Amino acid sequence: MKQSPWQIIKSTGTSLIPKYSMMEVNKIVEECYSRLPYKWKSRPWGLTDHGRKVLQTETELDGYLAAYGEMHIVKRRVALQNFPCRNANDEIRSHNFEIFDWGCGQGIATLTLLEFLRERNLLGRLNGITLIEPSNMALERAKKWVAQNAGPGVKVKAVEKLIPADIEGHMDEVDCTSAVSINLFSNILDIRSISLQWLAHKTASLANVNYMICIGPKFSKNTRIQDFCGYFNPSSYFSCIDSYCYGYTQKTNHPYGCETRCFVHHRKEQLNDGYVEIASDTRQSDDYEYSVECLRGIVEDKALYFFNKVKSECAALFNVFVRPSIGVDTTDVLMTSASRGIVLVNICHDISILEDDFKYVENIKSYIFNTHLKTIKVDSIINKSVYGCVKTALYFPNASKKEVADKIEDIKKDTQSAGRGYEFLIKLFPSDNFSDVFEKTHAYGLRHDYIEELVGIIVGHWHPYTEGDTNFRLTDRQKSIVRSDNNRLRVKGVAGCGKTQTVANRAVEKHLQTGDKVLILTFNISLIQYVRMRINQVPADFSTSKFEIANYHQFFISMANRYSGRMFNLSDFDDPNYFASCAEKIKRYKTIIIDEVQDFKTEWLASIITYFLAPDGTVSVFGDGEQNIYGRQMEAETKMPSIPTFLGRWNEMSERLSMRIINTEIASLSHKFMRAFVDSNIPPINIQKELFFETYWLKYWNVSADTNASQLCQYIRWILQEYKLNTRDVVVMAESINILRDIEKLYMTTGKRCMTNFESAEEYGNLIHAQADPNHFQKDLTEIRRAAKTHFTTDADDMKLSTIHSFKGWESESVILILQPEMSGNVRPNGYYIQERDNTPALIYTALTRAKCNLFILNLGNTKYHSFFQTNIR
């Protein structure tokens, strides 16, 4: 909403405008927030009557930006995400241009646009800026801030006027002398008194080429933004987003909607003067009045009643999230409180399927413990009360308390159901006062970081262009793959060619094109954080919550839990038609990307494409047949998996040095290893010798097979010191966890820390101490390892320890590879042997290709590969 009604204009006082460094629009908002009186900091929107009040003081102006500044900046960035400016022939790069900010308020939209253009070195052709705003106080601030940030030689004109209310209106002060105009309509088009037809005619005739950037909250299906666009009838939009909950504010976790319509109009194109406006919603609301009412028409009335009831009755006790995404999982309501814990609530419309609904919400709880939160699983094993920090609840809109109680008793009597857990289920009914129910709940053993981590998953954060690696450049081959319009894209590439970085860039590219969430699937669960890290390296504007990354099995289980309503067993993972019975209910993705596709079975790929891809959606797969360490069935000719609905040849990425392997000796060694042990017929690679100013290392030592963990730690510390390695850039790899866990325990005694994708020695010891039942021990150990893999990252200062399997797809500047001896009839004294089937050439090849710059191999008596490494490493 606009900060003051356009029908009433008042101006008072003298503007007290501080000076700011160029382009620090976020800092402007922070400064406004910091100047607020303490009583308004928690609810700054109250100073503005939710944006409807006539702002008459500096404090009220500060209150407006404190309340809405953050979300306004994000939504303007959202609208500009896919602004056509990357190619040399784009109009903005080849012609002079001017900016017009219609109803500019305090100038946040223009400041955000200037920041966007400066980051991309596009301000050189900016001729002028025109700010149109009827409020003198707001306009004075806008002019000062914009003039300071626009740069020398850019004329800033302030027009203190109302936008005309009918087609006969005039605003002769607004004109354009450049070839291109950029028109900003930020939270302005929803004001009923503005003539959209007049505004369309005025902006369409400003320049030969006119960019229209229309932005507002999302409250209804038919909006005045869409009506404004109706006069132009554009053939396409470079931003077209309709999201009732696009994101959350960082300070308050408050949801806000976003609608964008951005397009280019050429003066020679005719307007549609016969267009009939259809917007029926005349409410003037703001994002802090964001109500689940906006979901009307999307959810049924009883669900709407429930959402509103939760929001109104529980807001004082909890932070309330409606239909949040927790990774690929979702629940109807999630509530968090520092004293009452985490509560998951789902609606049970039909008590005949109460058992299924109960299992669903309980499964979400188990995912929080076993997958989403890193620390809570181990804590819950050691301290049983921690499990009670997460509670589950069902809301029954169509059943009485007695009917629900009777149904639960029937379930408990069922010989095939133990009925466990129902005594802890919170049961809610329409007649209940929810705040009274939840007042009685407590969370013993709750840690603040549980909530902080979970909310971080739901809320995400806005990733600005400058957080990416602006120095990184894709090769021409990678660019063609990233920007390909092929909706069935398959790419094969050798280790080190930059597949995962290409995956990340394509994911961002498709999100910018569609505005929708992107699903990225891996096989290796430890790759989830790696893909996320790579996405964060892309120089672009996006919300991190728009990328759902999961491994195949986690995704399958979550979707089966959400949609199928029936039990499944391990064989169902391989059933390509498992989701056939619930296909109509499944929410599909416009973009699916699969990394390390050689690890996937054909049946899995068929299921993903058939049931989770939108009819007009795009699916892209990336892989390397040379790393087929699981022995999947491959096509004889391509040595890649067969994928349903894909035709034509594989796109190849064969430049091994384009991104990962900088040390050419490592690239040569890995290729020789592949030819010697895996496939002697693979063609040679052309490795260009490059001049480097740094020294890189490739070393091999054949140490005693009886070497223990203490001696290995000494070797590792010596390598770190001798070759001046930073632990941030080092990973120690082996084929089995037990040797790595022993190293981690000893390394930690020196006061150093490790990042592992398995349980620590301390956690392993605590688990043994806590568990008497061997079956429970193995189950808990598996779940701890899954959580550790999910949260593993190389973006940490600690030294990393990983099995080779779990590091597949990752990379590190320096790798210390512990080559374990194969199993023999005699057990080694240190126990660090492996089974022959684990010691496969493809696995060792994978380990070799994880190193970018330095590779150090410690052979603990492996005879299979000793001769090769001794011969080929000098």
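Please read all numbers here as calculations on a predicted model, not as lab measurements. Just so it is clear, the values below take in all heavy atoms, side chains as well, and ignore hydrogens, waters and symmetry mates.
In this structure, the side chain of K365 engages the main chain of Y387 through a donor-acceptor pair within 3.5 Å. In this structure a side-chain-to-backbone donor-acceptor pair under 3.5 Å is present from K309 to D432. Looking only at distances, a side-chain donor or acceptor of T727 sits under 3.5 Å from a matching main-chain atom of D797. Under the 3.5 Å distance criterion, the side-chain polar atoms of N346 are left unmatched by any main-chain donor or acceptor of L394. Using a distance-only test at 3.5 Å, with no hydrogens or angles considered, no donor-acceptor pair links the side chain of E744 to the main chain of S760. Checked by atom type and distance alone, the side chain of N363 never pairs as donor or acceptor with a backbone atom of N561 at under 3.5 Å. Judged by distance alone, with hydrogens and angles left aside, the side-chain atoms of E735 form no donor-acceptor pair with the main-chain N or O of I804 at under 3.5 Å. Between the side chain of K75 and the backbone N or O of G257 there is at least one donor-acceptor pair closer than 3.5 Å. Side-chain atoms of K585 do not come within 3.5 Å of backbone N or O of S564 as any donor-acceptor pair.
With sequence neighbours left out, the side chain to side chain contact (heavy atoms under 4.5 Å, CB included) criterion links T803 to I737, L740, H805, S806.
A donor-acceptor pair shorter than 3.5 Å can be found between the side chains of Y450 and D379. Between the side chains of D595 and T522, no donor-acceptor pair is found at a separation under 3.5 Å. The closest side-chain donor-acceptor pair between E362 and T392 falls under 3.5 angstrom. Of the N and O atoms on the side chains of S352 and D350, at least one donor lies less than 3.5 Å from an acceptor on the other residue.
For the atom pair D780 CG and S380 OG, the distance stands at 7.5 Å (nearest 0.5 Å). For the atom pair M733 CE and S802 OG, the distance stands at 7.0 Å (nearest 0.5 Å). T249 contributes atom OG1, which lies 11.5 Å from atom OH of Y68 (distance to the nearest 0.5 angstrom). I408 CD1 to L425 CG: the interatomic distance, rounded to the nearest 0.5 Å, is 6.0 Å. We find the SG-CG distance between C389 and L446 to be 4.5 Å, quoted to the nearest 0.5 Å. Summarising the geometry, atom CZ belonging to F306 is positioned 12.0 Å from atom CZ belonging to F429; distances are rounded to the nearest 0.5 Å.
Looking at every heavy atom in both residues, I457 comes nearest to G327 through CG2-N, 3.6 Å. Scanning all heavy atoms of the two residues, the minimum distance from E759 to Y764 falls at OE2-CD1, 3.7 Å. When all heavy atoms of N253 and Y248 are compared, the pair lying nearest together is O-CD2, 3.2 Å. Residues L373 and I376 share a closest heavy-atom pair of CB-CG2, 3.6 Å. The two residues P430 and Y395 have their closest heavy-atom pair at CG-OH, 3.4 Å. Heavy-atom minimum distance, I351 versus K407: O-CE, 3.2 Å.
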Assess whether side-chain contact (heavy atoms from CB on, under 4.5 Å) is satisfied between K789 and R786, documenting all intermediate values. CA-CA 5 Å; K789 290 177 183 180; R786 183 186 298 116; 5.9 Å; no
Go through it in stages, so that I can follow the logic: the residues are T331 and F321, the test is side-chain contact (heavy atoms from CB on, under 4.5 Å), and I'd like the CA-CA distance, side-chain angles, deciding distance and then a yes or no. CA-CA 9 Å; T331 185; F321 299 90; over 6 Å; no
Open item on the list: Before you tell me yes or no, could you show the steps for L746 and L712 under side-chain contact (heavy atoms from CB on, under 4.5 Å), namely the whole-Å CA-CA distance, both residues' side-chain angles and the distance that decides it to 0.1 Å?
Closed with: CA-CA 10 Å; L746 290 164; L712 280 172; over 6 Å; no
Item to complete: Using the side-chain contact (heavy atoms from CB on, under 4.5 Å) rule, take V310 and L428 through it: C-alpha gap first, then chi angles, then the decisive distance, then the call.
Response: CA-CA 10 Å; V310 172; L428 303 172; 5.8 Å; no
### Task
Report the C-alpha separation of E355 and K359 in whole Å, then their side-chain angles, then the decisive distance to 0.1 Å, and conclude whether the salt bridge (Lys or Arg N to Asp or Glu O under 4.0 Å) test is met.
CA-CA 6 Å; E355 187 173 12; K359 288 177 182 176; 3.7 Å; yes
Pair R728-D795, salt bridge (Lys or Arg N to Asp or Glu O under 4.0 Å): steps then yes or no:
CA-CA 8 Å; R728 180 181 180 87; D795 189 18; 2.4 Å; yes
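Looking only at side-chain heavy atoms (C-beta outward), V345 and D332 stay at 4.5 Å or farther from each other. Using a 4.5 Å cut-off on side-chain heavy atoms (C-beta onward), M335 and N319 make no contact. Contact annotation: the side chain of M533 approaches that of W810 to within less than 4.5 Å [non-hydrogen atoms, C-beta and beyond]. Between M799 and K752 the shortest side-chain heavy-atom distance does not fall below 4.5 Å. Under the 4.5 Å side-chain criterion, counting only non-hydrogen atoms from C-beta, F438 is in contact with C314. Proximity of V320 to F307: side-chain heavy atoms (C-beta onward) are nowhere separated by under 4.5 Å. Side-chain contact between T794 and S812 is absent, with no heavy atoms from C-beta onward closer than 4.5 Å. Side-chain contact between L36 and L47: present, with at least one pair of heavy atoms (C-beta onward) separated by less than 4.5 Å.
Surrounding NZ of K745 are at most 12 heavy atoms belonging to other residues, nucleotides or ligands under 6.0 Å away. Atom NZ of K41 sits in a crowded spot, with more than 12 heavy atoms from other residues, nucleotides or ligands closer than 6.0 Å. Counting non-hydrogen atoms of neighbouring residues, nucleotides and ligands closer than 6.0 angstrom, the CD atom of E762 reaches no more than 12 such neighbours. By the neighbour-count criterion of 12 heavy atoms within 6.0 Å, atom CZ of R753 is sparsely surrounded, having that number or fewer from other residues, nucleotides or ligands.
Salt-bridge check for E439 with R340: passed, with a basic side-chain N closer than 4.0 Å to an acidic carboxylate O. A salt bridge links E783 with K779: the closest approach of a Lys/Arg side-chain nitrogen to an acidic carboxylate oxygen falls below 4.0 angstrom.
The side-chain tip of K401 does not point at the ring of F396 from less than 6.0 angstrom away and within 45° of straight on. Relative to the six-membered ring of F792, K800 misses at least one condition, a distance below 6.0 Å or an angle of at most 45° to the axis.
A ring-ring contact (aromatic ring centres under 6.0 Å, His included) with F579 is found for one member of F555, F612, F573, Y563 and no other, namely F612.
Between W45 and H254, the ring planes lie tilted relative to each other; the angle falls in the 30° to 60° range. Between H461 and H463, the two ring planes are tilted [angle within 30° to 60°].
Within the structure, side chain to side chain donor-acceptor pair (under 3.5 Å) contacts touching residues 545-555 (residues at least two apart or in different chains) are K517-E548, S543-S545, E548-Y589.
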